[in-house]
Amino acid sequence: QVQLVESGGGLVQAGGSLRLSCAASGGTFSYYKSAWFRRAPGKEREFVAAISRSGDSTDYGDSAKGRFTIYRVNAKNMMYLQMNSLTPEDTAVYYCAADRDHTGWLEYNFWGQGTQVTVTT
């Protein structure tokens, strides 16, 4: 089973950028599709972006389109989320997820613990 650890969260001003990282271990990362989700205070978990096993296919939630980029480096067992033009509405805990059993972009078996992103005005 793969284990996931997120990093890169923090405090940033509106308009700024952050890059989140997800380190995978315990499995062959290239066997797993992967994704980023987030949960803001008082809100449901939200799909942010997903990437295929090889990295040649991606999908984005509406809030991420045009501002965020998901990519992976399987040789390093790493996945990333580059976030630009951040707004306070992007404040949330961001979770890395991976899966090899389900089709589509929205179901995942393995989750990290999350990393907090806070965007200030």
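On a predicted model such as this, the values are computed, not experimentally measured, just so you know.
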Side chains of [X] and [Y], heavy atoms from C-beta outward: is any pair under 4.5 Å?
X    : Y    : result
Y80  : I70  : no
N109 : D101 : yes
F110 : Q1   : yes
F68  : V48  : yes
V12  : T118 : no
D59  : F47  : yes

Assigning hydrophobic clusters by single linkage (Ile, Leu, Val, Met, Phe, Trp, Tyr; side-chain heavy-atom cutoff under 4.5 Å), is Y94 placed with L18? yes
Could you state whether M83 and Y60 fall into the same hydrophobic cluster, counting links through intermediate Ile, Leu, Val, Met, Phe, Trp or Tyr residues with side-chain heavy atoms under 4.5 angstrom apart? yes
Just how far is it from atom [atom1] of [X] to atom [atom2] of [Y], taken to the nearest 0.5 Å?
X    : Y   : atom1 : atom2 : value
W105 : S34 : CH2   : OG    : 9.5 Å
M78  : S7  : CE    : OG    : 6.0 Å
S54  : N74 : OG    : CG    : 8.0 Å
C22  : L81 : SG    : CG    : 10.5 Å
L4   : M79 : CG    : CE    : 7.5 Å

Heavy-atom pair with the smallest gap, counting every atom of V117 and G9: CG2-CA, 4.1 Å
Shortest non-hydrogen pair, S85 vs S17, comes out as N-OG, 4.4 Å
Can a donor-acceptor pair be found, under 3.5 Å and without considering hydrogens, that links the side chain of [X] to the backbone of [Y]?
X   : Y    : answer
T28 : Y31  : no
D99 : H102 : yes
S52 : S57  : yes
Q13 : T120 : no

Verify the distance criterion only: is there a donor paired with an acceptor across the side chains of E46 and S63 at less than 3.5 Å? yes
Test: salt bridge (charged side-chain N to carboxylate O under 4.0 Å, His left out). Region: residues 87-97. Which pairs qualify, not counting sequence neighbours? R38-D90, R67-D90
Only residue of W36, Y32, F37 satisfying ring-ring contact (aromatic ring centres under 6.0 Å, His included) with Y108 is F37
Stepwise side-chain contact (heavy atoms from CB on, under 4.5 Å) test for Q3 and S25: CA-CA 5 Å; Q3 291 85 47; S25 62; 3.7 Å; yes
Checking R39 now: which residues fulfil side-chain hydrogen bond (donor to acceptor under 3.5 Å, both in side chains) with it, not counting sequence neighbours? none
Ring-face cation contact, F29 with R72, 6.0 Å cut, 45° max: yes
